[in-house]
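The next block holds one structure in the form of structure tokens; read it before the comments.
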Amino acid sequence: MKLLLIHADGFEYRVTGRAVDMAEPLTDDMREGVFEEVLVVFTTVEKGDVEAKEAVVGNAVASVKEVASKLSVGRVLVYPYAHLSSDLANPGDALRVLQMFEDALRREGFETHRSPFGWYKSFKLSCKGHPLAELSRSITAETVEVEEAEKPTPKTREFHRFLVIDIDGKVYELDPSDWRSCPVFGKKDPVYRLLAIFVRNEVEGNPPKKTPKHIEYMRRLELVDYCPESDVGNMKFYPNGVLIADLVKDYAMFKVALPWGAMKVQNPLIYRESVKEIRELMGEFHERDYRMSYGGENFVLRFASDPGAFPFMQKTLFSYRHLPVKIYEEVQCFRREKSGEVVGLRRLRSFTMTDQHCFCRDEEQAKEEFERLCLLFRDLMNMIAPGSWVLGWEGVEWFYEENKDWLRNLTVKMGVPAFFKLSREMSHYFAIKNEYQVIGADEANVQISTVQYDIKNGERFKIMYVGEDGKKHPCIILHASSFGSIERTLYALLEVAARMEEEGRPPMLPVWLSPEQVRLIPVAERHVAKCMEIADFLEKSRVRVGVDDRELSVARKVRDAKTRWVPFIVVVGDREVETNRLPVVIRDKSTLKEDYMKEMTVEELAEEVRSRCRGMPFRPLYVPRELSRRVTFVAWGR
RNA sequence: GCCCCCGUAGCCUAGCCCGGUAGGGCGUCAGCCUUGUAAGCUGAAGACCGCGGGUUCGAAUCCCGCCGGGGGCUCCA
């Protein structure tokens, strides 16, 4: 017996004519039917079913029960359907089996209907379209073969070859069905555990996710919050969140893009759909765009960097003498991701990417720039998620084979093991790309940076340089996102912090990104002036410092500073005023159980902070220095 | 988009099964206390029980729809 089960919002049928001589007699109420919220069971009775019909029907009922309970439907329609098999039982037997099936379902407590056997019927079906909405089953007397119509497509489907390049340049080919046996995962360094998690996610799919910690953190630290007034996935940022986002953008601009030689540009947010390039770039992802129309014209909000950058470069005049030409842009992107997928900061409908494009003359130039970008992004990753990231690559096999030694050397230079997925054909515009993946407490991998080697779009979008021959030639384009999404970077920072907590260390952000780096806690009101004096000095040394001048107990103020992850906490009382020596609790040297405290002078404290932020962008506090003047953005009950 | 769960003062929550319009804690504000490394004491204010509809003499409680949030599936230029 074959079953095709469809979970339908609605199903209607009407008898249109007799199909076989053995058609069952029609009663009036069988001529047509209208059902809502129903499991439609298209059923084909096969020859072999007849001699063991009790067992077959029993198994079929069990199968329907299992599906119906998953979907919580109580209404079932048995619809005789000859087209699922070429080995049909004869009509008389089939009808008897169908009636048995119907009765058995009714006895199981289902509201059971059956459409007439042997008649042509027109029908209208509205399938729900979720993963379990369409299932097929083969039923025999002994077994139930499970076969999901919409099989989960393995993440490996477009790739045929998988390998790991280790930091010593050694190449390990992986068998995706037995990847764990690869000796590289036996190595001791913790990075190989991260690599194994990443490879598992890529090959087997993500494990069931835990409740993500970053949602609590992003609110408790007053960084980012949901904004129900806006669309789903559009977040609001509190001052401390804006500060971190600005520092991250400062890094992207001053530590990556400008030193690398890019020109900063800015393109609009709104694009005309009537422009061919825009339509081409929108491609098949049409339904995810934020669209609007005005005065008979359709517009779309920027969904990626390219709709701005490609037309921009198309109209820029340059010759081989200028190459490589590099541009940088902070891009706010809008994608109407499906509502169920938008969770915390993991995936948003609006996000900001710091994006770089490099237009190159030839392969040699492109590879040189590609490598420079890879190394810049390695440094970047070590600044935001030290020891918490690995590298993934995707590409076409021929490119890998032609450039194997280059890629091996590059991996050695990067100092982080890399997982490669290779395909036979190029299915995208890039020949190869890498993705810098952070692994957080939730064991999900989060892509931060990416560098892509694009050999198609120069030609396709006519981004050309004038060569020595005076003719136009297409560029090789490198796409490089230093931060694929600022918001996701925040997500990664918070999930990495969550992993610290799991390991018994106090969770924290890197000191250069901590909104408040030092918290001064006066013991009594008379010590506030001294704190303000110390704060003045620290501010001059480019340290973000807060003074908790509220009339609360010291214990309480220390607690507040710790729950806000302040990296350096100093209590200032009579003793400190007298000796000028400060007892500093240093968070990154403490454990959850025990504080690490060190006595130092103000100058030493300033140096201690600076030593952790060397070379990093700095911005002052975005909120008042005095805690008494700070408002509450997120009330966090105990 | 689909499936499951959730929605009570700024925050955390009791009450919901079994209908009779809300009780606690934190925070806030006022007063006391002048404080030494993770929560000092007292008092006051604060709730269209997510929104809309239905059932009922009566709905936070039961039913339907919507919105928002979480988890899962799927997807991710």
Side-chain angles (χ1 to χ4, degrees), chain A residues 7 9 67 69-73 127-134 148 150-153 155 205-212 215-216 219-220 225-233 280-289 303-307 333 335-344 346-349 427-430 433 435 442 447 450 452 454 457 479 484-485 488 506 519 521-528 548 550-564 569-576 583-585 590 592-595 597 631-638:
Chain A
H7 188 200
D9 287 316
V67 172
S69 76
K70 270 192 207 160
L71 302 168
S72 332
V73 273
C127 174
K128 287 194 178 274
H130 58 80
L132 294 175
E134 303 170 64
E148 310 226 329
E150 205 169 302
K151 284 192 198 88
T153 40
K155 292 182 87 176
N206 290 301
K209 293 175 195 109
K210 309 169 193 168
T211 307
I215 295 174
E216 178 194 331
R219 309 215 324 114
R220 209 181 66 200
D225 211 339
Y226 294 110
C227 186
E229 301 77 30
S230 178
D231 189 17
V232 172
E280 274 189 39
L281 284 164
M282 286 169 75
E284 66 205 89
F285 293 91
H286 219 61
E287 80 281 2
R288 294 225 187 120
D289 298 324
F303 46 89
S305 176
D306 295 352
C333 295
R335 298 179 188 175
R336 280 191 49 91
E337 301 290 358
K338 295 173 187 171
S339 59
E341 292 161 11
V342 178
V343 175
R346 195 184 276 152
R347 173 126 19 127
L348 295 175
R349 286 186 172 178
S427 53
H428 300 278
Y429 53 82
F430 53 82
K433 70 165 178 182
E435 296 180 341
D442 56 2
Q447 179 193 329
T450 178
Q452 308 181 351
D454 173 357
N457 284 327
H479 303 249
S485 150
R488 201 191 290 152
R519 171 80 53 94
I521 297 176
V523 172
E525 212 178 317
R526 64 177 182 280
H527 307 116
V528 172
D548 196 344
R550 296 173 301 170
E551 295 191 25
L552 297 169
S553 67
V554 169
R556 171 58 196 280
K557 291 194 274 195
V558 167
R559 178 182 192 276
D560 283 358
K562 287 186 174 173
T563 54
R564 293 302 181 105
I569 299 171
V570 188
V571 174
V572 179
D574 291 336
R575 224 164 32 228
E576 288 71 33
V584 181
V585 173
S590 301
L592 283 176
K593 293 202 175 102
E594 204 175 351
D595 286 349
M597 190 188 292
V631 297
T632 305
F633 294 110
V634 181
W636 194 265
R638 288 177 188 178

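Letters A, B, ... mirror the listed sequences (proteins, then strands); counts begin at 1. Side-chain atoms are counted along with the backbone in the values below, which use heavy atoms only and exclude waters and symmetry mates.
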**Message:** On RNA chain B, compare the nucleotides closest to A:V232 and A:F303; which residue's is nearer the 5' end?
**Reply:** A:V232
**Request:** Report the residues that fulfil side chain to side chain donor-acceptor pair (under 3.5 Å) with A:E525, sequence neighbours left out, ordered by chain and then residue number.
**Result:** none
**Request:** Find the distance A:E525:CD to B:rC32:P and express it as a whole number of Å.
**Result:** 12 Å
**Prompt:** Under 4.0 Å between a side-chain N/O of A:S553 and OP1 or OP2 of B:rG40, yes or no?
**Reply:** yes
**Item:** A:E551 (side chain) and B:rG40 (base): donor-acceptor pair under 3.5 Å
**Value:** no
**Asked** Between the base of B:rC75 and the side chain of A:R347, is there a donor-acceptor distance below 3.5 Å?
**Response** yes
**Prompt:** Taking CG from A:D225 and P from B:rG10, how many angstroms apart are they, rounded to a whole number?
**Reply:** 15 Å
**Request:** Answer with base, sugar-phosphate or nothing: what part of the nucleic acid does A:T563 contact at a heavy-atom distance below 4.0 Å?
**Result:** base
**Among B:rU34, B:rU37, B:rC11, the nucleotide that comes nearest once only the side chain of A:R219 is considered** = B:rC11
**Prompt:** Mind checking the P distance from B:rU56 to B:rG15? Whole angstroms is fine.
**Reply:** 29 Å
**Prompt:** Atom CZ of A:R346 and atom P of B:rG69: how far apart are they, to the nearest Å?
**Reply:** 15 Å
**Contact nearer the 5' end of RNA chain B, comparing A:Y429 with A:R349** = A:R349
**Asked** Looking at residues at least two apart in the chain, or sitting in another chain, which of them share a side chain to side chain donor-acceptor pair (under 3.5 Å) with A:R488?
**Response** none
**Message:** What is the distance, to the nearest angstrom, from the CG atom on A:L348 to the P atom on B:rC76?
**Reply:** 18 Å
**Whole-Å gap separating P (B:rG27) and CZ (A:R564)** = 13 Å
**Asked** So what does A:D560 hit on the nucleic acid, given a heavy-atom distance under 4.0 Å: a base, only sugar-phosphate, or nothing?
**Response** nothing
**Item:** Output field: ring centroids A:Y429/A:H479 closer than 6.0 Å
**Value:** yes
**Item:** Residue matched to B:rA44 through Watson-Crick or wobble contacts both under 3.5 angstrom
**Value:** B:rU28
